Amino acid sequence: MGNVTSSVAAKFAFFPPDPPTYDVFRERDGRLVLPGVTADKNMDVHLLETKVGNKIVATFWKHPFARFTVLYSHGNAADLGQMHELFIELRAHLRVNIMSYDYSGYGASSGKPSEFNTYHDIEAAYNCLKKDYGIKQEDLIVYGQSVGSGPTLHLASRLQKLRGVVLHSAILSGIRVLYPVKMTFWFDIFKNIDKIRLVSCPVLVIHVSLSLSLFGHPVQLLHFVSTEFFFFLFACNSNHANA
């Protein structure tokens, strides 16, 4: 029963765009490029190998005056080809570097999407930040949206000196998306409700509700933040805001 439930949760977790919205090509000088993305001298494309041998695509968007770097884990139904305009806007308005990556099986990344592959994927992206750009934990903010909250909290629970964590429409766990269970089962996936207790840096939770409801997975996660400082942002659509 547990394996079946876990498999069902995994099927609900991953919806990579099919076909992928981009491809990766290598120029004559050896540089990797994303066709369709406007040439940007401050954007590097990487093909990173994970510890299980998958090759994942990652992009590093550099801001010339950045103090901090954001490691961005996207939602379950997008790939990097759909997100470059968002990264350009975030880089410009927040004045940060952004490292983004596609999960195994997403976009031009090889392999298949799974819980543990996303953990290997974010570790590969983090190692690239350390090795190629000299980014320190103290200057790194990890950002996870939707299913991306899983790898984000996986990394944040292991790094004790991060600048901060941003959880955008995060989930408590995979099984809890399907069933309102009160305990964590061994076969559950993305056990965020347990891992967030191990995070030692400030946490920003972004909860979007069109019904002005203060219930849901992101709000419930706040109860398990163990760090002294955390922040909460509630957002609603313009119609409710003007009512």
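Please read all numbers here as calculations on a predicted model, not as lab measurements.
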Problem - Val142 vs Val166 side-chain heavy atoms within contact, under 4.5 Å - result: no
Fill in the blank from the handout: What one should report as the nearest heavy-atom pair of Ser157 and Lys195 is CB-O, 3.8 Å
Exercise for the section: Check whether any side-chain heavy atom of Ile98 lies under 4.5 Å from a side-chain heavy atom of Phe60, and answer yes or no. Expected result: no
Completion exercise
Between Ala124 and Ile56, the two heavy atoms sitting closest are CB-CD1, 4.3 Å
Handout entry: side-chain contact (heavy atoms from CB on, under 4.5 Å) between Ile141 and Leu71, worked out
Key = CA-CA 6 Å; Ile141 300 166; Leu71 176 50; over 6 Å; no
Practice task
Rounded to the nearest 0.5 Å, what's the gap from CE on Met99 to CG on Asp44? Could you check?
Solution key: 8.5 Å
Practice task
Report yes or no: do Asp188 and Ser173 form a side-chain donor-acceptor pair below 3.5 Å?
Solution key: yes
Problem - Val165 versus Cys201, closest heavy-atom pair with distance - result: CG2-SG, 3.5 Å
Practice task
Please round to the nearest 0.5 Å and tell me the distance separating atom CZ of Arg26 and atom CG of Leu47.
Solution key: 7.0 Å
Problem - Rounded distance (nearest 0.5 Å) linking atom NE2 of His93 with atom CD1 of Ile88 - result: 11.0 Å
Completion exercise
Distance col, row Phe68:CZ vs Leu162:CG, nearest 0.5 angstrom, shows 12.0 Å
Exercise for the section: Can you measure from OH (Tyr101) to CD (Glu123) and round to the nearest 0.5 angstrom? Expected result: 10.0 Å
Exercise for the section: Give the minimum heavy-atom separation between Pro113 and Gly105, together with the two atoms involved. Expected result: CD-CA, 3.9 Å
Practice task
Name the orientation class of the two ring planes belonging to Tyr72 and Tyr143 (parallel below 30°, tilted from 30 to 60°, perpendicular beyond 60°).
Solution key: parallel
Exercise for the section: Work out which heavy atom in Ala108 is nearest to a heavy atom in Tyr22; give both atom names and the distance. Expected result: N-OH, 3.1 Å
Problem - Pair Leu32-Phe25, side-chain contact (heavy atoms from CB on, under 4.5 Å): steps then yes or no - result: CA-CA 6 Å; Leu32 293 171; Phe25 292 94; over 6 Å; no
Practice task
Evaluate whether atom CD of Glu138 has more than 12 neighbouring non-hydrogen atoms of other residues, nucleotides or ligands under 6.0 angstrom away.
Solution key: yes
Practice task
Report yes or no: do Ser109 and Ser104 form a side-chain donor-acceptor pair below 3.5 Å?
Solution key: no
Exercise for the section: Spell out, as yes or no, whether a donor-acceptor pair under 3.5 Å connects the side chain of Asn42 to the backbone of Trp61. Expected result: no
Problem - side-chain contact (heavy atoms from CB on, under 4.5 Å) between Tyr126 and Gln137, worked out - result: CA-CA 10 Å; Tyr126 173 64; Gln137 283 190 48; 3.3 Å; yes
Practice task
Measure the NE2-OG1 distance between His154 and Thr118 for me, rounded to the nearest 0.5 Å.
Solution key: 8.0 Å
Problem - Shared hydrophobic cluster for Phe87 and Leu94 (ILVMFWY, side-chain gaps under 4.5 Å) - result: yes
Handout entry: Side-chain donor-acceptor contact under 3.5 Å, Thr21 with Asp79
Key = yes
Exercise for the section: Output yes when a side-chain donor or acceptor of Tyr106 lies under 3.5 Å from a complementary backbone atom of Phe15, and no otherwise. Expected result: yes
Exercise for the section: Start with the C-alpha distance between Thr59 and Ser100, add both sets of side-chain angles, then the distance that settles side chain to side chain donor-acceptor pair (under 3.5 Å), and finish with yes or no. Expected result: CA-CA 5 Å; Thr59 55; Ser100 58; 2.4 Å; yes
Handout entry: Minimum side-chain heavy-atom gap Val203-Val205 below 4.5 Å
Key = yes
Exercise for the section: Verify whether one side chain among Asp102 and His74 offers a donor that lies under 3.5 Å from an acceptor in the other. Expected result: yes
Handout entry: Donor-acceptor under 3.5 Å (Ser73 side chain, Pro151 main chain)
Key = no
Exercise for the section: Decide yes or no for Thr69 and Leu140: does some side-chain heavy atom of the first lie under 4.5 Å from some side-chain heavy atom of the second? Expected result: yes
Practice task
Using a 4.5 Å cut-off on heavy atoms from C-beta on, say whether the side chain of Leu167 contacts that of Leu204.
Solution key: no
Exercise for the section: Apply side chain to side chain donor-acceptor pair (under 3.5 Å) to the pair Asn192 and Ser149, showing each step before the final yes or no. Expected result: CA-CA 7 Å; Asn192 293 343; Ser149 60; 3.0 Å; yes
Handout entry: Main-chain N/O of Leu86 paired to Glu89 side chain as donor or acceptor, under 3.5 Å
Key = no
Practice task
Give the ring-plane orientation class for His46 versus Tyr133, where under 30° counts as parallel, over 60° as perpendicular and anything between as tilted.
Solution key: perpendicular
Handout entry: Expected output: side-chain Arg95 to main-chain Arg91 donor-acceptor under 3.5 Å
Key = no
Problem - Non-hydrogen side-chain atoms of Phe116 and Val52 separated by less than 4.5 Å - result: no
Exercise for the section: Indicate the atoms forming the closest heavy-atom contact of Gly75 with Tyr103, along with that distance. Expected result: O-CE1, 3.9 Å
Exercise for the section: Report yes or no: does Glu49 contribute a side-chain atom to a donor-acceptor pair with the main-chain N or O of Lys55 at less than 3.5 Å? Expected result: no
Practice task
Please check if the side chain of His84 supplies one atom and the backbone of Gly81 the other of a donor-acceptor pair under 3.5 Å.
Solution key: yes
Practice task
Please tell me if the side chains of Val70 and Leu90 come closer than 4.5 Å, counting only heavy atoms from C-beta onward.
Solution key: no
